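Okay, structure first, notes after.
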Amino acid sequence: MSDVRVRFAPSPTGYFHLGSARSLLFNWLFARRHGGKFILRIEDTDRKRFHEEAVPDMLDGMRWLGLDWDEGPEVGGPYGPYFQSQRLALYPKYAQKLLDSGDAYKCYCSSETLEQMRKGQLQRRQSPGYDRRCRELTEQQRAAKEAQGLVPVIRLKAPLTGQTSFHDLIRGEISVQNEQLDDLILLKSDGFPTYHLAVVVDDHLMEISHVLRADEWIPTTPHRMLLYRAFGWTPPLYAHLPVILSPTGQGKMSKRKTVGADGREYDVMIREFRAAGYLPEALFNMLALIGWSYDDKTEILTREQIIQHFGLDHVSSAPAKFSYKKLDWMNGVYIRSLEIDDLAARIQPFLSRAGLDADADTVRRITPLIQERLVKLADAVSWTDLFFIDELEYDSAWLVQKKMTVEQTQQVLAESQQVLSSLPDFDEASIETALRHKVEEMGLKARQFFGTLRIATTGKKVAPPLFGTLAILGRQKVLKRIAQAQEMLTS
RNA sequence: GGCGCAUUCGUCUAGUGGACUAGGACACCUCCCUCUCAAGGAGGAGAUCGGGGGUUCGAAUCCCCCAUGCGCUACCA
C-alpha cells in the first residue's frame with residue numbers, strides 16, 4: 001500500500017476531545033504504518049455551529065500529542081485548500097453535474113414544511129423522511145415555484161428499490177434496502193454544500209484511499225456509495241471504528257463534560273488532560289488501546305512500536321468505555337520512566353501556575369523524591385508546596401502520634417532539634433543515620449518518631465520521604481519549623 | 001416506530017473449529033517490604049464466553065432466532 005492517503009476531517013464546532021483524538025490517531029497511525037500521507041481537512045460548512053477556537057485548539061492538541069499532518073492547515077499541500085469554506089465554489093458545480101445527469105433534483109420545500117411533515121409522520125407512527133414530493137416536478141411546476149421566489153435545495157435521487165452495500169474493512173459486508181434511503185440534501189438553499197456532498201467531492205479530489213471514521217457514521221455510508229456511483233468515481237475503502245462510550249456506559253462519550261457512575265465529572269477535552277498533567281505519551285498509548293490491541297499481554301508500547309504494529313485486523317468492532325483509572329495507572333508508568341531532568345522540567349510549569357515560587361534547582365532536587373508518587377504532573381503541587389511556603393498550617397494535634405503522650409512528643413522534637421543542629425553535614429544520609437540512632441536510643445517506633453517530625457517539618461500526614469525532604473529544606477528552615485511545632489504544642 | 005452496528009471477568013481486552021480446566025492489564029483483596037504515601041515483590045478472588053436453538057466427533061469461535069445496549073433517522077457533522 002504505497003499510495004495510502006487518509007484524512008481526518010473535523011467540523012470545527014468545539015474543543016478537541018477524546019473521541020476526535022482517537023479517530024484522528026487511528027488515521028494517523030494507519031498513514032504512518034503504511035508510509036502514506038495524513039491529511040487534515042477542516043469541514044467548516046456549518047456556519048451556525050462554527051467555533052472560533054476549535055481549529056487552533058485541535059492543532060495545539062495534535063502538536064502536543066506528537067501527531068503531525070502532511071497536508072492541511074498551516075502546511076498547505078498540492079490538493080488544497082484544506083478548509084471547505086475556501087472550496088465553496090467547487091460544490092455547486094458538482095451538484096449541477098448530478099442535476100444534469102438526472103441523479104439529483106431541485107426541492108422547494110421549506111425547512112418548516114419538512115419539519116411539519118416529520119411531525120405528522122411520527123404521529124402516524126410512520127418512519128420520518130422526505131416524501132419526495134418535489135422529485136418529479138415538471139418544468140412548469142418548477143418555474144412556478146421559482147416565480148414565487150422559492151430558493152431550492154438540491155437533493156440526491158436515491159433508488160427506490162434494490163439494495164446498496166459496501167465492504168467495511170473491520171465489519172465486512174454491510175447493506176441496506178434502498179427504500180430506507182432518503183433523498184439526501186446535497187446543496188443547501190444558501191448554496192453551501194451539506195457534509196454529504198462536500199465529503200465525497202473532497203475525498204475524491206484529494207485522492208483519499210481509506211476512510212477511517214467512527215461507527216456512528218455507518219448509516220450515511222450507503223448514501224456515499226450512491227453518490228460515488230452517480231459521479232462515476234471509485235469510492236475509497238471504508239473502516240468504521242467503534243465509538244468510545246461514556247464512563248457510565250450509557251451512551252457515547254459526550255463532547256462536553258461527562259459524568260461517571262460515581263457522579264464525578266470526567267475530563268473529555270484534550271486540553272483538560274494536558275492541564276491535569278497527563279503525559280502526551282501516556283494518552284497516546286492509552287488512546288491507541290481503545291479498540292486496538294497489539295497482543296494478549298502488552299499494554300505499554302512506544303509510539304514507534306504502535307506505528308509498527310498498527311493494523312485494522314486488530315481493531316475491535318465493539319464499543320468501549322474509556323478507563324480513567326487505567327489512564328492514571330499508565331500515566332504513572334510513564335512518569336516513572338522519565339529521566340529526572342525531563343520530569344523536573346515538565347513539573348516546573350505546573351508549580352509556577354499554582355503560584356509557587358519554585359526555583360529550578362530545588363525542583364530538580366525534589367523530583368526524585370516524588371517521581372514514583374505522581375499520578376499526574378499537577379499532583380506535584382501538593383507534594384512540593386511545603387518546600388516553597390513560609391508558614392505551615394496544620395492541626396497541632398497531628399504532632400502527637402498514636403500511643404504517644406504530649407510529653408514524649410515534645411521530647412522527640414527537642415531531641416530532633418538537638419541532633420539536627422549539631423550535625424556536621426546536613427545531607428540525607430547523615431540525617432538518617434543520626435535520627436535512626438536517636439529513635440533507638442529513645443526506644444520509640446520509627447513511625448512514631450518520624451511521624452511527629454514529618455508533621456512538624458512538612459505540616460502534612462503524607463509527604464515525600466523525610467530525610468531527603470529535610471536535606472532539601474535545609475537546616476535553618478527545619479530547625480525553625482521544629483521550634484514552631486514546639487511552641488504549638490505548649491500553647 | 002424503522003434501519004444499522006454490537007454483545008468474553010466490575011472495566012479494557014486476547015481468542016478466527018481441537019493447544020481454553022478461557023490468557024493478560026486496570027481496579028479490588030491478602031501478605032511482604034516500609035518513616036507517611038507511593039512504588040516494588042508474592043499470592044488471591046473474579047467470565048459456564050448475553051439467552052435459546054442448530055451444524056460438527058468437537059464451538060467463545062460457523063448458522064438461525066430472541067434479548068439487551070448503542071447509533072442513525074436535520075437545509076448538523
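In the text below, chain A, chain B and the rest are named by the order of the sequence lines, each starting its count at 1. All heavy atoms count here, side chains included; hydrogens, waters and symmetry mates do not. Quick caveat: nothing in here was measured; it's all calculated off a predicted structure.
Residue contacts shown for A/Ser189 include a base, since a base heavy atom lies under 4.0 Å away. Residue A/His223 is classed as having no contact, given no heavy-atom separation below 4.0 Å to the nucleic acid. Among the atoms of the strands shown, base atoms are found under 4.0 Å from some heavy atom of A/Ser111. Note on A/Ile174: only backbone sugar-phosphate atoms sit closer than 4.0 angstrom, heavy atoms only; bases stay farther off. Residue-level contact check: A/Lys326 touches the bases, meaning some heavy atom is under 4.0 Å from a base atom. Using a 4.0 Å heavy-atom criterion, one finds that A/Gly129 contacts no nucleic acid atom at all. Using a 4.0 Å heavy-atom criterion, one finds that A/Pro128 contacts the bases of the nucleic acid, with or without backbone contacts as well. A/Cys107 comes within 4.0 angstrom of no nucleic acid atom, judged by non-hydrogen atoms across all strands. Looking at heavy-atom distances under 4.0 Å, A/Thr458 makes no contact with the nucleic acid at all. In this structure, A/Gln180 reaches the sugar-phosphate backbone alone: every heavy-atom distance under 4.0 Å involves primed, P, OP1 or OP2 atoms, never a base.
Each of A/Asp46 and A/Val176 was matched to the nucleotide of RNA chain B holding its nearest heavy atom; the match closer to the 5' end belongs to A/Val176. Toward the 5' end of RNA chain B, the nearer of the two residues A/Ile218 and A/Ile290, judged by each one's closest nucleotide, is A/Ile218.
Taking atom C1' on both B/A39 and B/C33, the two are 11 Å apart, rounded to the nearest angstrom. Of the P atoms belonging to B/A45 and B/G23, the separation is 12 Å, rounded to the nearest Å. Nucleotides B/U48 and B/G40 place their C1' atoms 36 Å apart, quoted to the nearest Å. When the P atom is compared between B/C75 and B/C70, the two are found 25 Å apart, to the nearest whole Å. B/U7 and B/C49: their C1' atoms are spaced 10 Å apart (whole Å). Using atom C1' as the reference point in both B/U13 and B/C57, the two lie 32 Å apart (nearest Å).
Residue A/Leu338 contributes atom CG, which lies 17 Å from atom P of B/A39 at whole-angstrom precision. Following rounding to the nearest Å, A/Leu245 (CG) and B/C70 (P) show an atom-to-atom distance of 8 Å. Separating the CG atom of A/Leu301 from the C1' atom of B/U13 is a distance of 13 Å, rounded to the nearest angstrom. One atom, CZ of A/Phe322, and another, P of B/C26, lie 16 Å apart when rounded to the nearest Å.
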request  = Indicate for each nucleotide in nucleotides 33-38 of chain B, in 5' to 3' sequence, whether protein heavy atoms under 4.0 Å reach the base (B), only the sugar-phosphate (S), or nothing (-).
outcome  = --BBBB
ask   = Along nucleotides 43-52 of chain B, 5' to 3', which nucleotides get a B, which get an S, and which get a -, given that the test is a protein heavy-atom distance under 4.0 Å?
value = ----------
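Not counting sequence neighbours, A/Tyr238 has no partner by the ring pair (Phe, Tyr, Trp, His ring centres under 6.0 Å) test. Judged as a ring pair (Phe, Tyr, Trp, His ring centres under 6.0 Å), and not counting sequence neighbours, A/Tyr130 has no contacts. In this view, A/Glu299 and A/Leu289, A/Lys326, A/Trp329 satisfy the side chain to side chain contact (heavy atoms under 4.5 Å, CB included) rule, not counting sequence neighbours. Not counting sequence neighbours, A/Phe8 has no partner by the ring pair (Phe, Tyr, Trp, His ring centres under 6.0 Å) test.
For the pair A/Lys157 and A/Asp103, the salt-bridge criterion is not met [side-chain N within less than 4.0 Å of a carboxylate O]. For A/Arg41 and A/Asp203, the salt-bridge test passes: some basic side-chain N is under 4.0 Å from an acidic carboxylate O.
Put simply, the residue from A/Leu18, A/Leu24, A/Ile306 that forms a side chain to side chain contact (heavy atoms under 4.5 Å, CB included) with A/Leu287 is A/Leu18.
Evaluation of atom-type donor-acceptor distances gives no pair under 3.5 Å for the side chain of A/Arg171 against the base of B/C5.
Distance alone, capped at 3.5 Å, is enough to place a donor-acceptor pair between the A/Ser316 side chain and the A/Ala318 backbone. Side-chain atoms of A/Asp46 come within 3.5 Å of backbone atoms of A/Lys48 as a donor-acceptor pair (strictly under, hydrogens ignored).
How far NE2 of A/His309 is from CG of A/Leu301: 7.0 Å, rounded to the nearest 0.5 Å.
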